[in-house]
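For reference, the structure is listed below as structure tokens.
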There are 2 protein chains.
Amino acid sequence: MRVLIVEDEIGIANFLKQGLEEESFVVDVAYEGGEGLIMALSGEYDILILDWMLPEKSGIEICTEFRKKFKKTPVIFLTAKDTMKETILGLQSGANDYIKKPFHFDELLERIKVQLRPNTEELEGLTLGSIKLNLNTYQVTKNNVEIPLTQKEFSLLEMLIRNKGKVCKRSRIIESVWDIHFDYNTGVIDVYINALRKKLKLSGDENYIQTIRGVGYIAKEL
Amino acid sequence: MRVLIVEDEIGIANFLKQGLEEESFVVDVAYEGGEGLIMALSGEYDILILDWMLPEKSGIEICTEFRKKFKKTPVIFLTAKDTMKETILGLQSGANDYIKKPFHFDELLERIKVQLRPNTEELEGLTLGSIKLNLNTYQVTKNNVEIPLTQKEFSLLEMLIRNKGKVCKRSRIIESVWDIHFDYNTGVIDVYINALRKKLKLSGDENYIQTIRGVGYIAKEL
DNA sequence: TTTTTTTCTTAAAATATGCTTAAAAATTTA
DNA sequence: TAAATTTTTAAGCATATTTTAAGAAAAAAA
């Protein structure tokens with residue numbers, strides 16, 4: 001991750017640069033506003049740390065200009081201007097956070113991490129050997145070949161994979177997949193296990209879904 | 001915009017609620033942690049304001065649990081726990097900002113606005129293949145030809161595009177577009193999907209809105 | 001081995017889902 | 001208030017899914 005620090009006090013700038021480099025960021029420093037803005041606009045950075053009072057161009061000006069071109073790249077103010085009014089002005093100029101000096105390096109670091117937090121909402125996909133189950137798209141693939149499943153098939157496979165390595169009793173399966181909470185004598189489970197094994201071609205050396213006679217089924221990688 | 005405040009001090013809670021309502025937010029308050037978490041998980045809120053110390057469940061626990069399900073919804077801590085270590089813990093639990101008491105309401109408000117700031121996607125308008133959706137003018141075009149849609153049609157299309165690449169369950173659609181929060185058996189969705197497909201001529205090689213039988217619909221570029 | 005139990009497999013029956021249309025109800029506009 | 005538009009309900013239809021059921025196969029018990 002690349003960080004641009006725009007800070008005219010050399011001591012603070014060095015302290016920040018060193019600290020962030022220890023956290024394996026790639027850090028560039030600009031010591032005055034005009035230079036800072038030009039560097040920021042190059043688009044090479046994942047995040048900006050701005051002082052407010054700077055020679056040539058203030059942090060506010062940098063932030064405002066920068067936002068015209070880059071809507072998303074996070075900007076954090078790090079400044080001695082600590083009044084409420086100033087904080088609000090800083091945030092209104094497009095910054096994502098506003099930290100007042102004196103500051104704790106560890107808190108700054110954490111706030112940087114917050115801004116760089118991947119904001120992907122996607123849930124983790126479930127896998128079983130070469131089988132992948134995408135909970136966003138309800139797609140199931142085996143060796144990247146899509147295999148269309150019906151709702152009940154999907155739901156059963158999902159339950160088995162979520163309990164990968166553990167035996168799923170028939171009673172738990174009928175509860176979880178069919179939402180039936182009383183004793184119920186039926187052969188549906190067998191039929192659906194059969195359908196899964198057929199569609200997913202789970203035979204011989206790829207028998208990911210095994211029968212535990214008298215109990216239920218277990219999904220496991222072999 | 002809907003805000004959930006979880007705060008056990010009634011005075012502060014009322015103060016916040018009133019202040020935010022004056023800014024035309026819709027505000028709900030939970031006075032203890034367990035209740036707060038349940039409300040948060042309902043998925044009805046655009047942002048959470050959490051106290052740390054709460055009866056039953058701490059703000060940290062709420063935030064951690066909430067993040068398991070909602071990766072994106074912003075969370076702001078508002079707490080008297082003001083040490084650096086605590087701040088870091090709060091942010092690490094998944095919060096987006098951490099404000100220490102005593103606080104200025106105007107700064108809190110500004111920080112809320114920062115979190116709710118529309119992302120680039122919304123600024124540039126939503127698109128789905130050659131279809132463009134302008135949220136300001138409520139115009140929809142396909143290949144730059146305007147296609148008039150009714151409100152419900154627009155709203156449904158907007159929801160699908162906002163979740164582009166992800167399946168929208170029927171239950172989520174009826175919640176989001178029709179604002180119905182209980183189990184409701186209806187065929188309106190089908191009718192409106194049909195209308196959209198017709199008006200937007202989504203057939204054959206342009207079938208941007210696909211049916212996931214037994215689940216819902218998914219919008220995707222092919 | 002024979003019997004019993006459990007699971008597998010298949011096909012048909014029952015059910016559910018989604019598409020399409022038309023008309024009724026509600027809402028907005030003139 | 002009447003007309004136009006939008007929204008919702010409802011029903012028929014085709015099709016996909018789910019369930020039942022029954023015989024075959026396999027495993028365990030006697």
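Lettering follows sequence order; numbering is per chain, from 1. Just so we're clear, the structure is a prediction, and the values are computed from it rather than from any experiment. No hydrogens, no waters, no symmetry mates; every other heavy atom, side chains included, goes into these values.
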Original post:
Whole-Å distance between dT19(D) C1' and N185(A) CG?
Top reply: 13 Å

Original post:
How long is the line joining NZ of K152(B) and P of dT28(C), in whole Å?
Top reply: 11 Å

Original post:
Checking side-chain hydrogen bond (donor to acceptor under 3.5 Å, both in side chains) for the pair T211(A)/R197(A): CA distance, chi angles, key distance, verdict?
Top reply: CA-CA 11 Å; T211(A) 309; R197(A) 298 215 257 232; 3.2 Å; yes

**OP:** Look at T186(B) and dT8(D) and indicate whether a side-chain polar atom (N or O) is within less than 4.0 Å of OP1 or OP2.
**Re:** no

**OP:** Look at all strands and tell whether Y184(B) reaches a base, only sugar-phosphate, or nothing, counting heavy atoms closer than 4.0 Å.
**Re:** sugar-phosphate

Original post:
Would E86(A) and T83(A) count as a side-chain hydrogen bond (donor to acceptor under 3.5 Å, both in side chains) if you check the C-alpha gap in whole Å, the side-chain angles of each, and the deciding distance to 0.1 Å?
Top reply: CA-CA 5 Å; E86(A) 287 160 338; T83(A) 67; 2.9 Å; yes

Original post:
Once you round it to whole Å, what is the distance between P of dT17(D) and CD1 of I212(B)?
Top reply: 11 Å

Original post:
Of all of residues 171-182 of chain B, which get a heavy atom below 4.0 angstrom from DNA chain D, listed by number?
Top reply: W178(B)

Original post:
Yes or no on side-chain contact (heavy atoms from CB on, under 4.5 Å) for L133(B) and F154(B), after CA distance, side-chain angles and deciding distance?
Top reply: CA-CA 9 Å; L133(B) 213 139; F154(B) 187 93; 3.1 Å; yes

Original post:
Whole Å only: how far is the OH atom of Y192(B) from the C1' atom of dT6(D)?
Top reply: 6 Å

Original post:
Which comes earlier along DNA chain D counting from the 5' end, the contact point of L149(B) or that of V188(B), where each point is its nearest nucleotide?
Top reply: L149(B)

Subject >> For atom CG of L156(A) and atom C1' of dT19(D), their distance in whole Å >> reply: 15 Å

Original post:
Which sits closer to the 5' end of DNA chain C, V215(A) or V191(A), going by the nucleotide each is nearest to?
Top reply: V215(A)

Original post:
Base, sugar-phosphate alone, or nothing: which one does E153(B) contact when heavy atoms must sit under 4.0 Å apart?
Top reply: nothing

**OP:** Find the distance D190(B):CG to dA10(D):C1' and express it as a whole number of Å.
**Re:** 12 Å

**OP:** Give me the ring orientation class for F182(A) and Y184(A): parallel if the planes are under 30° apart, tilted from 30 to 60°, perpendicular past 60°.
**Re:** perpendicular

Subject >> R170(A) side chain near dT7(C) phosphate (N/O to OP1/OP2, under 4.0 Å) >> reply: yes

Original post:
Does a nitrogen or oxygen in the side chain of K198(A) sit under 4.0 Å from OP1 or OP2 of dT10(C)?
Top reply: yes

Subject >> Donor-acceptor contact below 3.5 Å, side chain E153(A) vs main chain T150(A) >> reply: yes

Subject >> Any N194(B) side-chain nitrogen or oxygen under 4.0 Å from OP1 or OP2 of dC19(C) >> reply: no

Original post:
Roughly how many Å is it from NZ in K199(A) to P in dA16(D), rounded to a whole number?
Top reply: 12 Å

**OP:** Compare every heavy atom of G94(B) with every heavy atom of C63(B), then report the nearest pair and how far apart it is.
**Re:** SG-C, 3.7 Å

Original post:
Would you call the rings of F15(B) and F105(B) parallel, tilted or perpendicular, where under 30° means parallel and over 60° means perpendicular?
Top reply: perpendicular

Subject >> Under-4.0 Å side-chain N/O to phosphate OP1/OP2 contact, T211(A) with dC8(C) >> reply: yes

**OP:** In whole angstrom, give the distance that lies between atom CD1 of I209(A) and atom C1' of dC8(C).
**Re:** 14 Å

Original post:
Given dC19(C), dT9(D), dT7(D), which nucleotide is nearest the side-chain atoms of Y217(B)?
Top reply: dC19(C)

Original post:
Is there a donor N/O on one and an acceptor N/O on the other, under 3.5 Å, for the side chain of R213(B) and the base of dT17(C)?
Top reply: yes

Can you give the donor-acceptor pairs under 3.5 Å from side chains of residues 49-57 of chain B to other protein atoms, not counting sequence neighbours?
none

